[in-house]
Amino acid sequence: MDPTTVAQVIFYFFAVLTVASAAIVVFSSSLIYSAFALLFTFFGVAALYVFLGADFLAATQLVIYVGGILILLLFGVMLTHKLYDLDLKTETFQFFPGFLVMAAVLLTLTGVISKTQWVSRGERPLNPTTIAIGLLFMREYILPFEVASVFLLVALIGAAMIVRRRRS
Amino acid sequence: MIGLNHYLFVSAALFSLGVMGVLTRKNAVNVLMGIELILNSANINLVAFSRYSVASLDGQIFAVFVIIIAAAEAAVALAIVLSMYRIVKSVNLDQADTLKG
Amino acid sequence: MNPEILQDLESFVPEIVLTVALLLVVLADISLPKLRTRVTFLVTAVGLLAALCFTVPLFGAGEKALFYNMVALDRMAVFFKGFLILASFLVLLAAPGSKELSSTHLGEFYALLLGVTLGMLLLASSVDMLMLYLSLEMVSLTSYIMVGYLRHDRQSNEASLKYILFGAVSTGSMLYGITLLFGLTGSTKMPAIREALASGGASGGNGMALLVATALILAGFGFKTAAVPFHFWCPDVYTGAPTPVTAFLSVAPKAAGFATLIRFFFSGMSDTTTSASQWSAFSAMNWTSLLILISIITMTLGNIAALRQDNLKRLLA
């Protein structure tokens with residue numbers, strides 16, 4: 001097989017993996033299944049980043065989403081249920097209205113995407129991006145970078161404050 | 001050949017699934033998962049545009065910030081969920097009903 | 001270090017003062033166990049007043065774009081900055097007297113207040129979609145925490161949980177709208193977005209994409225300014241939150257949200273220099289009347305709903 005076909009097959013594999021596991025996240029009746037399906041979604045998205053030549057971002061996605069946010073969500077699931085409670089059922093409500101909204105959103109977006117002429121300034125070559133991203137953070141994006149650090153500090157204070165137990 | 005629209009379609013599917021999850025789930029942690037799907041779909045858009053049409057790293061930088069914000073937001077949201085669980089012993093949103101909007 | 005950035009810092013003193021005050025509050029809260037309630041209050045008060053003093057002279061400084069066009073310094077931004085700092089200062093004065101709040105530990109409250117003020121200043125002056133999104137999230141996240149400040153109170157917690165879930169969804173869809181706009185125009189800077197749209201970016205099949213993007217972005221702003229149809233969180237949150245927080249939330253973030261909305265639609269979207277023919281497809285959507293319509297509906301519904309509310313705080317919503 002020529003490389004283009006292989007690339008296509010791999011792309012479709014990861015695209016289907018991402019969307020199918022996202023569907024499990026949304027439709028599964030077990031919280032634990034949802035959480036683990038989310039793992040595959042995040043992995044699939046990271047693989048798509050690799051396809052798009054975003055190496056730094058793919059690593060970030062793995063470290064922060066899979067290693068951080070997902071673990072956090074799993075803790076959330078575990079801490080809000082009794083541990084021996086194995087079937088963590090989760091209920092749904094407004095299923096059909098929700099489904100209709102989803103179908104409408106999907107139709108609108110796909111219609112828009114296929115019709116729209118996006119801006120085209122050529123393709124970015126597939127070079128490693130880490131150095132360039134680091135330089136941009138220190139130059140054009142210095143202000144958001146610093147603001148993000150203050151933002152994280154505030155979030156840290158807030159989260160610690162909310163869960164801290166009452167002192168006697 | 002795989003092009004821009006392939007990625008945009010994947011992202012649109014993720015976005016609408018996320019909206020569905022947010023609308024139909026009772027469990028607060030599950031709603032959070034839906035929100036993460038929405039943020040991920042936006043990130044795919046950003047990186048895909050960055051690669052195929054804008055030809056700069058602006059989109060990728062934006063995506064890095066989105067990931068940072070998503071992590072902070074998830075942490076705070078889970079802190080609030082846990083705090084709520086301690087009081088109500090449930091994380092289902094229909095239990096949050098002492099305030100009738 | 002680029003000398004331009006150092007020059008920009010001169011026009012950025014209020015924000016820097018607030019950040020320093022925030023750090024001092026956190027440090028004082030940890031290191032001075034006995035005095036901390038008083039010291040943190042004083043540091044916050046001095047920080048806010050100093051920021052206000054540094055903001056006033058900026059009013060005559062003329063228009064500038066700072067930090068590689070991330071934030072703008074113009075009369076509107078400075079006016080809103082002064083107003084927002086003043087609002088935070090009034091809340092600060094009310095905080096120690098509040099029964100709900102004084103039973104809890106106030107050090108973190110002051111830190112959060114400084115954080116939300118900083119976020120609002122940035123929000124009111126940002127001209128880059130990234131900066132806008134970041135500062136909007138900063139304001140929102142801090143508001144969620146402030147609403148849930150009474151962590152042993154069921155109502156406060158519920159209000160906070162609903163607020164963060166609605167909030168995260170609306171900012172999430174706003175983000176998706178921003179990405180579509182980014183794909184349409186190739187930039188996150190509002191002036192560049194305007195130019196791209198003016199030079200035919202909104203023609204043909206792209207009008208639909210623009211409409212969808214704008215609707216999604218409007219959802220985020222609508223949440224922040226509590227406009228119809230995103231107003232429903234308001235009564236819940238106002239009832240559940242501690243009273244000074246309610247007072248604060250009902251004024252300050254809305255003002256910041258409106259400031260951004262004005263900037264977004266009049267600096268990012270509208271254009272007076274383009275010829276009418278290019279503009280026709282775009283102005284058909286008629287932002288101004290849409291906004292007026294939304295605000296009229298908001299006010300009317302608000303008043304009608306207020307008649308039926310017995311709770312005073314809900315009435316404020």
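Every heavy atom of this structure was used, including side-chain atoms; hydrogens, water molecules and symmetry mates were not. Note on naming: letters A, B, ... go to the chains in the order of the sequence lines (proteins, then strands), and numbering restarts at 1 for each one.
- No more than 12 heavy atoms of other residues, nucleotides or ligands shown are found within 6.0 angstrom of OH on A:Y33.
- Annotation: the span from C:D128 atom CG to A:L143 atom CG amounts to 9.5 Å, rounded to 0.5 Å.
- Both the backbone and the side chain of C:L180 come within contact range of chain A, judged by heavy atoms closer than 4.5 Å.
- At least one side-chain heavy atom of A:F145 sits under 4.5 Å from a side-chain heavy atom of A:M138.
- Contacts between C:M131 and chain A at a heavy-atom distance below 4.5 Å involve the side chain alone, from C-beta outward.
- Taking a 6.0 Å sphere around CZ of A:F36, one finds it holds 12 or fewer heavy atoms contributed by other residues, nucleotides or ligands.
- When heavy atoms are compared at a cutoff of 4.5 Å, C:E15 does not approach chain A at all.
- With a threshold of 4.5 angstrom between heavy atoms, C:T185 approaches chain A through N, CA, C or O but not through any side-chain atom.
- Closest heavy-atom contact between C:S126 and C:M190: O-CE, 3.9 Å.
- For chain A, no part of C:L114 is nearby; none of its heavy atoms comes within less than 4.5 Å.
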